[in-house]
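A, B, ... follow the sequence lines: proteins, then strands. Residue 1 opens every chain.
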Amino acid sequence: MKAPAGLASELIARQRELAAHVDHDDHFAWPPARVAAVDAAFPGNGKITRGAAVLFSFPELECLDRAVSELPTALPYIPGLLSFRELPAIRSALEQLRETPDVILCDGQGIAHPRRFGIACHLGVDTGFPTAGVGKSRLCGQFSEPGKEKGSTSILLDRAEEIGTVVRTRTGVKPLFVSVGHRISLATAVRLTLECAPRYRLPEPIRSADRLAGMTGGVQLSARCSR
DNA sequence: GCGACAG
DNA sequence: ATCTTGTCGC
């Protein structure tokens, strides 16, 4: 899968414009009652983009609803332009949830991005929902390794700017890269991430969205959600 | 030109 | 992301 000539520069220009709309302040009451998470998978040799969205109660972290949506893949993976590839299917899945979330966790970066407009920012600015970016690895920025203990953090810096927090959600495991998506502060994004991850490295909602996106159309057993 | 590079 | 088996560690 290839990207049309010249498209990349257009998308980069669009990111620069939209980045001006990102809001770094909290716009929802703590604690949130419902937390959603989204993710995408690429079955069929990458020909299909499957977006997944899950809705969890907070702080109980019980699954309330989930939805998936498939669309033909339109773009290849290009570092820095991930949101244009995954968001169409993700937004579609999100619209199928029967209740709206107070905040959404995204698998990927928020402002911890070259142009400060990662997928979490893009989804937030597009929908108006508060969003937080939770990446499993670094896209840009420098950081020192946080302490080995669960809850340890360090600052993610880029061009002398604090763009995120490196968070150890489990003792001894690789840390997560948390950043502001939209309508949320970095401190709240970090707190939400840690409180959603009482047992595993990844926050429960994201683990759930990951599994949902990764499974084929077959029937799924185990703990069903309400539907 | 060289190195880096979310998912 | 996706392709893939066994294997190390608690």
Side-chain angles (χ1 to χ4, degrees), chain A residues 1-3 8-9 11-12 14-15 18-19 22 37-54 68-91 93-94 104-126 131-143 148-150 156-159 163-167 169-182 186 189-190 193 199-203 205-217:
Chain A
M1 163 135 277
K2 299 166 57 180
S9 57
L11 300 183
I12 286 174
R14 192 178 311 173
Q15 290 183 320
L18 295 174
V22 172
V38 296
D39 189 29
F42 302 85
N45 297 309
K47 298 305 178 188
I48 294 174
T49 299
R50 178 187 295 140
V54 299
V68 296
S69 182
E70 297 186 348
L71 289 176
T73 300
L75 294 173
Y77 165 65
I78 302 173
L81 299 178
L82 175 72
S83 64
F84 294 101
R85 169 175 160 88
E86 304 192 343
L87 241 33
I90 285 176
R91 271 189 307 246
L94 205 50
I104 304 171
L105 257 27
C106 300
D107 192 328
Q109 315 298 330
I111 63 171
H113 175 282
R115 291 166 292 282
R116 308 293 182 261
F117 200 68
I119 189 169
C121 300
H122 201 153
L123 179 63
V125 170
D126 265 16
T131 60
V134 181
K136 296 184 290 297
S137 61
R138 182 200 69 102
L139 206 210
C140 66
Q142 294 290 306
F143 68 98
K148 283 298 182 184
E149 302 301 301
K150 170 201 310 182
L156 180 60
L157 277 177
D158 188 41
R159 300 177 234 159
I163 60 173
T165 302
V166 185
V167 183
T169 50
R170 303 298 300 164
T171 300
V173 303
K174 188 181 177 191
L176 260 26
F177 297 77
V178 179
S179 58
V180 168
H182 187 52
L186 181 56
V190 170
T193 296
R199 177 158 191 199
Y200 298 100
R201 178 196 178 216
L202 291 178
I206 289 186
R207 290 187 70 230
S208 179
D210 250 304
R211 290 184 297 104
L212 182 57
M215 60 172 81
T216 303

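When the P atom of dA6(B) is taken as reference, atom CG of L87(A) falls 17 Å away, rounded to whole Å. Here dG7(B) presents its P atom at 22 Å from CD1 of I48(A), a figure rounded to the nearest Å. At whole-Å resolution of the value, CD in Q109(A) and C1' in dA6(B) are 5 Å apart. Taking atom OH of residue Y77(A) and atom P of nucleotide dA6(B), one finds them 4 Å apart after rounding to whole Å. Distance L81(A) CG to dA1(C) P: 18 Å, rounded to the nearest Å. Atom-to-atom, NZ of K47(A) to C1' of dT2(C) comes out at 13 Å; the value is rounded to the nearest Å. Whole-Å rounding puts the R50(A) CZ to dG7(B) C1' distance at 15 Å. With rounding to whole Å, N45(A) atom CG is found 9 Å from dT2(C) atom C1'.
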Toss me the dot-bracket line for DNA chain C: Watson-Crick and G-U wobble, both under 3.5 Å, 5' to 3', using | for pairs to another strand and [ ] for crossers. ..........
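Atom NZ of K136(A) and atom NZ of K174(A) lie 9.0 Å apart (nearest 0.5 Å). Rounding to the nearest 0.5 Å places CG of L71(A) at 11.5 Å from CG of L87(A). In this structure, C140(A) SG and R159(A) CZ are separated by 7.0 Å, a value rounded to the nearest 0.5 Å.
Judged by distance alone, the side chain of R50(A) and the main-chain N or O of M215(A) form a donor-acceptor pair under 3.5 Å. In this structure, the side chain of H113(A) engages the main chain of G80(A) through a donor-acceptor pair within 3.5 Å. A donor-acceptor pair under 3.5 Å is absent between the side-chain atoms of R85(A) and the main chain of I78(A), judged by distance alone.
Under the 30°/60° scheme for interplanar angles, the aromatic rings of F143(A) and F177(A) are found to stand perpendicular.
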What is the per-nucleotide protein-contact pattern of nucleotides 4-10 of chain C, from the 5' end, where B denotes a base atom under 4.0 Å from a protein heavy atom, S denotes such proximity for sugar-phosphate atoms only, and - denotes neither? -------
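OP1 or OP2 of dG7(B) lies within a sub-4.0 Å distance of a side-chain N or O belonging to S137(A). Look at K136(A) and you won't find any side-chain N or O under 4.0 angstrom from OP1 or OP2 of dA6(B).
Between L75(A) and L11(A), some side-chain heavy-atom pair lies under the 4.5 Å cut-off.
Using a 4.0 Å heavy-atom criterion, one finds that G80(A) contacts the bases of the nucleic acid, with or without backbone contacts as well. Among the atoms of the strands shown, none is found under 4.0 Å from any heavy atom of I78(A). Within 4.0 Å (heavy atoms only), G135(A) reaches sugar-phosphate atoms of the nucleic acid but no base atom.
In R199(A), the CZ atom is not crowded: 12 or fewer heavy atoms of neighbouring residues, nucleotides or ligands sit closer than 6.0 Å.
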